[in-house]
Undergrad: 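What follows is a structure written as C-alpha cells; I'll ask about it next.
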Amino acid sequence: MTKKQSAPAAINTIYDHQAIEKKWQTVWEDQELFQHSLKQYQQVEAAKKLYLLFAFAYPSGAGLHVGHVESKTALDILARYYRMQGQQVFFPVGWDAFGLPAENYAIKTGVPPAKTTKKAIDTFRRQIKRLAISYDWQTELATCHPGYYQWTQWLFLELYKKGLAYQAKAPVNWCPSCQTVLANEQVVEGACERCDSEVSQKEMKQWFFKITDYQDELLSGLDQVDWPEPTKQQQRHWIGKKQGIEISYSVVDTQEEIVCFTTRPDTNFGATFVVLAPEHQLVSQIIKGQVNLPESVKATAVIQQLRAYVKQAQKKTELERQTEGRKKSGVFTGLYALNPLTNKKMPIWVSDFVLAGFGTGAVVGVPGHDQRDFEFVEFVNRSHPQQQIEVIRVVVGSDGDDSPITQIEQVQEDHGTMINSEFLNGLDIHQAIPKIMDYMEEHGLGKRVTIYKLRDWLISRQRYWGTPIPIVYDPDGKPHPVKKEHLPWLLPTDVDFKPTGESPLRSSKEFIQRTEKLYGKGWRPEFDTMDTFVDSSWYYLRYTDPRNQQEFANPQRLKSWLPVDFYMIGPEHIVLHLLYSRFFTKFLRDQGYLDFDEPFLKMRHQGMILGPDGKKMSKSKGNVINPDKVVAEFGADTLRVYEMFMGPLDADKPWDASSVRGVYRFLRRVYELVIGHLNRADQTSKPLSNGQVVQQLHQTIKKVTDDVPKLKFNTAIAAMMEFVNTWEAQVKDGSPALDLTAVQNFVQLLAPFAPFLAEELWHQIKAAKTAKSVHLTDWPSYDATLAQQNQVTIGVQVNGKLRGELTIDLEEKDHQKQVIAQAKDLSSVQKWLKDRQLVKEIYVPGKIVSLVVK
RNA sequence: GCCGCGGUGGCGGAACUGGUAGACGCGUAGGUCUCAAAAACCUAUGAGGUUUAUCCUCAUGUGAGUUCGAUUCUCACCCGCGGCACCA
C-alpha cells in the first residue's frame with residue numbers, strides 16, 4: 001500500500017497487533033474500565049442485573065490452558081455484549097487455591113504450597129489480563145487466604161451448631177500413596193484419582209456434612225433451573241431416589257428378624273433365599289456369639305467360617321472387587337428365614353455382592369428374575385451341592401417362555417405377566433407391585449419406604465494444604481467448636497510435608513501450643529483439613545463482598561447480585577461441585593442468610609479443546625498448545641476469535657494451527673478495510689445508501705445480536721466474515737463505500753470478540769483523545785426492514801427433486817398462482833413436465849414450489 | 001449391563017418450525033507478485049458420469065417407514081465418546 005500524503009496523522013496501515021494490544025491493555029487498566037461492580041451494588045436494578053460466573057480455576061504451575069481461554073472468552077463475550085446492551089454485569093474472578101498438586105509439589109521439593117500457589121496465581125492473572133477478560137479484579141479472592149477460609153470455617157461451625165456437621169467412624173477409601181482418605185468420587189476404577197495407586201479400606205473417625213437432610217429438595221430443585229438435561233439426569237441418578245418396600249422375615253427357631261429392601265416385591269413368591277452383607281449387624285452378632293443359634297446349627301464351625309469370610313471381604317480393595325467382576329462367593333449361616341407368602345424356609349447366606357450401605361444391607365433372593373441372584377444360586381449349587389437352592393419362575397415375559405429357568409438368558413427383570421403367584425397370577429408386573437405392597441402392609445409383613453443412594457458428605461482430609469477444621473478436643477477427647485474470636489483458625493506453617501500416614505498438622509508445634517494457650521492444657525486441635533470442595537462450593541457468595549471481616553457477605557450485596565444468572569463450568573464438575581453448592585445454598589437460606597433456593601439459574605458446559613492429533617492434550621503426548629505462544633505470534637484477539645470460531649462451545653474440538661492463521665487474516669482484513677476507509681477522502685458523511693453491503697450489515701447485526709445470547713459464537717463470527725467479504729469486494733469494485741456510521745456499527749459488533757482491535761479502530765474513527773471506549777458504547781441496533789431481503793430465490797421441485805430455481809420479488813411472495821405458473825414456465829422444469837400428468841402443486845410461500853407428476 | 005451425548009466433503013463445522021445439504025474457515029490445485037521462498041492476493045474445489053450443460057446420477061453411519069419433500073420425524077441396527085456400575 002502507498003502512503004497517503006493527505007493523512008493528517010500517521011495512521012499505521014499495517015495491523016500491528018502487539019502494539020495495539022499492549023497499548024489498550026495499559027489504558028484499560030489505568031482507567032479501571034470494569035472495576036466498579038462492588039461499589040455499585042446499591043444501584044443494581046433487579047431487572048438489569050446479570051451475574052456471570054466462571055467456575056474458578058485451580059492455579060496450576062503450568063499456567064493457563066487453551067481450554068481455560070475458551071470458556072473465559074465465551075463468558076467475557078457475554079459480559080461485554082450485555083454491558084453494551086445496558087445490563088449491569090457482575091463478572092468476578094478468584095482462585096480455587098487449596099489442593100493436592102501444590103502439596104505434592106511441596107513433598108517433592110520442600111517449597112511451601114503458599115509460595116508455589118502465589119506464583120501460579122500471578123502467572124494466571126498476567127495471562128488473563130493479557131487476554132482482555134473483563135473481570136472485576138476488585139472481587140479477586142483465593143480460598144487459601146485466611147480472610148476467605150475464616151468464613152469457610154464459619155460455615156462449618158454453622159453446620160455444626162445445627163447438627164449438620166457430625167463425626168462418625170466409617171470405613172473410608174484410603175490412598176496409601178497420598179496418605180489420605182478419599183471421597184468415593186475420587187476413586188476411579190479402584191484407584192486414586194490423582195496418583196493412580198490402588199485404594200484400600202480403612203476404618204477412621206471422620207467429619208461428615210449431612211447433605212442427606214436436603215436430598216428431596218436437591219432433587220425437586222432441579223426442575224426450577226435451566227441446566228442441560230443430561231446434567232440434571234446425572235444429578236438425579238446420583239441422588240438415586242427409589243420407592244420400594246421393607247419386608248420383615250422372621251428367622252426360624254430364633255428371636256431374630258431380617259429386614260430386606262426391595263423394589264420388586266411382586267416376585268416374592270419366587271423368593272428362595274436371603275443374603276446379608278458381610279457388614280450386616282446380624283452377622284457381627286453371630287460372630288460375637290450374641291445370637292442364640294438353634295441346635296441344628298454347628299455354631300463353632302459357622303462362626304469360624306463367617307469370621308474368615310467377613311475379614312477377607314473387608315480386606316478386599318476396590319480394585320479387587322472390580323477385577324472379580326460379578327463372580328459370586330459366600331458363606332451359609334445355617335439359619336433360615338421364613339417366606340410368609342409361601343411358608344417356605346429360605347437359607348440365609350452372607351455374601352459381599354450385597355452392599356452394606358444400600359437399603360438395609362440384606363437382600364431377598366429371587367433367582368428366576370434377578371441376574372445377580374441367579375448367578376449366586378449357580379455358585380451355591382455348584383460349590384455346595386448339599387445346599388441346593390430352588391429357582392422358581394413367577395414371571396412370563398413377552399417371548400411367552402414359561403419353562404423352568406435354567407439359563408441366565410431366561411432371567412428377565414423388567415416386564416411380563418405374573419404366574420405361580422396365587423392372587424397375583426395374570427397381572428402385569430406393574431400392577432402386581434402395588435397390589436402385593438398393599439397386601440404386605442395390610443398383613444404387617446412390610447412397610448413402604450423411599451430410599452436414596454446419596455450418602456452424607458465426608459469432608460475430612462489428612463492433608464496439609466486445606467482449610468483447618470475449626471474444632472478443638474478437650475482432654476477427654478470431646479470435640480468443641482473453635483470460638484468465633486479465634487477465627488480464622490490459622491493453618492500452621494511449621495509442618496513437615498513428608499507423608500507419615502497421619503495428618504501433617506500433627507507435626508506443628510505452634511498449632512498444639514496455640515490450642516493449649518487458648519483452651520487449656522491437654523487440649524488438642526483437630527488435625528484434619530477440609531475437602532477442597534467445601535472451599536469451592538460457596539465462593540460465588542463471597543465474591544459479592546470479598547473483604548468483609550464481619551460476615552461472610554453483606555446481605556444487601558447478596559440480594560443485589562445473587563443468584564448467579566449464568567454459570568459456565570466444565571462437564572467434570574457436573575455432580576459434586578453443583579450438588580454441594582446447592583446444599584450450602586439451601587442450608588444458608590434456612591438459616592436466614594439467603595432468600596433464594598437455587599444458586600445457579602442457568603448453567604452451560606464448555607467442551608474440551610483437543611490437541612492437533614484429536615487427542616486430549618497432555619504433556620506426555622507432546623500435543624499441548626501454549627496460549628502464550630499463540631498470543632505472541634498472532635495476538636490475543638486472534639486467539640479469542642479462533643477459539644470461538646472452532647465450533648459449538650459445548651463440543652470437543654481439535655486444535656488446528658492453520659485455522660488460527662485464517663482468523664488472523666480475517667482480523668487483519670478488518671483492520672485494513674477500516675483504515676483504508678479512513679484514509680480515503682470521500683469517507684465523510686454520505687447518507688446510508690441502499691446497497692447490498694448496507695443490507696448485509698443489518699443482517700449481520702441481527703445475526704450477531706441473536707447468536708451471542710445463544711452462545712453460538714461460531715456462526716456469529718461466520719456472519720461477520722461474510723460481511724467483510726462483501727464489503728471488501730465492493731471496495732475493490734470501486735462501488736460506493738459504507739458511511740462512517742456503518743463502519744462504526746461493524747466495529748461495535750466485533751468489540752466483544754476482539755476487544756483490542758475494536759478499541760483501536762474505534763479510536764481511529766473517533767480521532768479524538770476524549771472518545772470513550774467502544775466497550776462502553778451502546779450495542780448497535782438494526783433496521784428490520786433493511787435487514788430483509790427484497791428478493792427471494794425459491795427452489796422448484798418435480799417429484800421431490802430440485803429441477804430449477806426462481807427468483808421473485810418479496811412482494812410477490814404470496815401470489816401463489818403467479819409463482820407456480822412461473823415455476824412451470826422454467827425450461828429446466830418444462831422438460832420434466834412434458835408428456836406427464838400433473839397431479840399436485842404445492843407452494844410454500846418464499847420457500848419452495850413442489851410439483852408432482854405421473 | 002444401565003444412563004446420556006454424538007456420527008454431514010480431505011479437515012473444523014453450517015442448515016430457522018420437515019422446504020434449494022455443505023454457510024464460514026482450513027486444506028488442496030492452478031495462477032499473480034518475487035532472483036527465490038515465505039507472506040499476501042486471484043480462481044477453482046462433495047463424489048462420479050457424459051453430450052462440458054441453465055445437464056444427469058449418487059450423497060448427511062446402516063436398513064426400513066411416514067411425506068410432494070427427511071441431516072431434521074418414527075422404528076430397528078452399527079460405530080464412537082462421556083458417566084455410572086453387583087444399588088436389590
Side-chain angles (χ1 to χ4, degrees), chain A residues 185 189 228-234 236-238 240 242 244 260-265 267 275 321-322 324-328 351-355 357-366 369-373 375-376 413-414 451-453 571-572 574-575 608 610 612 614 641-642 645-648 650-663 665-666 668-669 672 706 712 714-725 728 732 793-806 826-829 831 839-853:
Chain A
E185 40 282 358
E189 288 181 12
E229 198 51 40
T231 302
K232 291 188 184 183
Q233 293 276 23
Q234 269 196 53
R236 289 192 189 105
H237 187 249
W238 194 263
K242 273 192 179 150
C260 296
F261 172 81
T262 179
T263 55
R264 293 294 308 278
T267 60
V275 189
R321 284 199 174 208
Q322 301 275 336
E324 275 179 21
R326 300 176 66 95
K327 214 173 110 194
K328 298 294 183 288
S351 174
D352 62 6
F353 85 87
V354 174
L355 308 175
F358 189 78
T360 59
V363 163
V364 57
V366 183
H369 304 287
D370 183 291
Q371 297 211 355
R372 292 155 306 185
D373 294 351
E375 285 160 2
F376 186 69
E413 294 171 351
D414 55 4
I451 63 158
Y452 296 83
K453 220 159 78 179
E572 68 276 13
I574 279 176
V575 177
M608 205 193 313
L610 308 169
V641 175
Y642 168 65
F645 185 59
M646 289 175 90
D650 55 356
D652 294 348
K653 306 153 287 244
W655 188 270
D656 179 12
S658 16
S659 290
V660 178
R661 183 162 286 282
V663 167
R665 264 198 290 267
F666 164 65
R668 195 186 54 207
R669 282 162 63 209
E672 288 170 357
D706 292 346
K712 290 171 76 175
N714 54 335
T715 50
I717 292 166
M720 289 190 278
M721 286 174 167
E722 282 182 80
F723 170 73
V724 166
N725 289 345
E728 197 176 47
K732 278 185 184 157
T793 303
I794 58 177
V796 181
Q797 292 181 344
V798 180
N799 282 358
K801 290 215 162 114
L802 188 74
R803 296 302 180 191
E805 54 184 38
L806 192 63
L826 291 170
S827 61
S828 58
V829 172
K831 67 181 175 196
V839 287
K840 203 167 178 183
E841 300 174 347
I842 295 158
Y843 174 56
V844 182
K847 296 258 169 77
I848 205 147
V849 173
S850 189
L851 306 168
V852 188
V853 294

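In what follows, chains are A, B, ... by sequence order, proteins preceding strands, each numbered from 1.
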Undergrad: Using modelled atom types and a 3.5 Å cut-off, is there a donor and acceptor pairing between side-chain atoms of A:Lys653 and backbone atoms of A:Pro648?
TA: yes
Undergrad: If pairing requires Watson-Crick or G-U wobble contacts with both distances under 3.5 Å, which nucleotide is the partner of B:G4?
TA: B:C81
Undergrad: Return whichever of A:Phe358 or A:Val844 has its heavy-atom-nearest nucleotide of RNA chain B closer to the 5' end.
TA: A:Val844
Undergrad: May I ask which nucleotide in the shown strands pairs with B:U67, Watson-Crick or G-U wobble, both distances under 3.5 Å?
TA: none
Undergrad: Could you tell me the separation between the CD1 atom of A:Ile842 and the P atom of B:G18, rounded to a whole number of Å?
TA: 16 Å
Undergrad: For A:Lys847 and A:Ile794, work out which heavy atoms get closest and say how close.
TA: O-CB, 3.5 Å
Undergrad: Angle class for the A:Trp655/A:Tyr642 ring planes (parallel below 30°, perpendicular above 60°, tilted otherwise)?
TA: perpendicular
Undergrad: Quick check against the 3.5 Å criterion: does A:Asp373 have a side-chain atom that pairs as donor or acceptor with the backbone of A:Val366?
TA: yes
Undergrad: I need the OH-P distance between A:Tyr452 and B:C84, as an integer number of Å.
TA: 22 Å
Undergrad: Mark yes or no for a side-chain to base donor-acceptor pair under 3.5 Å between A:Gln797 and B:G19, with no hydrogen or angle criteria applied.
TA: yes
Undergrad: Is there a Watson-Crick or G-U wobble partner for B:G9 with both distances under 3.5 Å, and if so, which one is it?
TA: none
Undergrad: Under 4.0 Å, counting only non-hydrogen atoms across every strand here, what does A:Glu805 touch: a base, just sugar-phosphate, or nothing?
TA: base
Undergrad: Could you check if the base of B:G12 is syn or anti? Syn means the glycosidic torsion is within 90 degrees of 0.
TA: anti
Undergrad: For A:Phe376, does the six-membered ring have the charged nitrogen or CZ of A:Lys328 within the cation-pi criterion, i.e. under 6.0 angstrom from the centroid and within 45° of the normal?
TA: no
Undergrad: What is the separation between atom CE on A:Met721 and atom P on B:G25, rounded to the nearest whole Å?
TA: 6 Å
Undergrad: Nearest to the side chain of A:Pro230 - B:G4, B:G19, B:C84?
TA: B:G4
Undergrad: I'd like the C1' distance from B:A23 over to B:G13, given in whole Å.
TA: 10 Å
Undergrad: Do A:Ser658 side-chain and B:C26 base share a donor-acceptor contact under 3.5 Å?
TA: no
Undergrad: Choose from B:G19, B:C86, B:C68 the nucleotide whose nearest atom is closest to any side-chain atom of A:Lys840.
TA: B:C68
Undergrad: So, is A:Asn725 near the phosphate of B:A23, with a side-chain N or O under 4.0 Å from OP1 or OP2?
TA: no
Undergrad: Quick one: OG on A:Ser850 to OH on A:Tyr843, what's the gap to the nearest 0.5 Å?
TA: 13.0 Å
Undergrad: Quick one: does A:Asp656's side chain have a donor or acceptor within less than 3.5 Å of a partner on A:Pro612's backbone?
TA: no
Undergrad: Provide, to the nearest angstrom, the distance between the CD1 atom belonging to A:Ile717 and the C1' atom belonging to B:A23.
TA: 14 Å
Undergrad: Along nucleotides 41-57 of chain B, 5' to 3', which nucleotides get a B, which get an S, and which get a -, given that the test is a protein heavy-atom distance under 4.0 Å?
TA: SS------------SSS
Undergrad: Across all strands, who's sitting opposite B:U57 as a Watson-Crick or G-U wobble pair, both distances under 3.5 Å?
TA: B:A47
Undergrad: Quick one: what's the B/S/- string for nucleotides 6-16 of chain B, heavy-atom cutoff under 4.0 Å, read 5' to 3'?
TA: ------BSSS-
Undergrad: Would you confirm whether A:Asp652, through its side chain, and A:Met608, through its main-chain N or O, come within 3.5 Å as a donor-acceptor pair?
TA: yes
Undergrad: Take A:Phe353 and A:Glu375, measure what side chain to side chain contact (heavy atoms under 4.5 Å, CB included) needs, and give me the verdict at the end.
TA: CA-CA 11 Å; A:Phe353 85 87; A:Glu375 285 160 2; over 6 Å; no
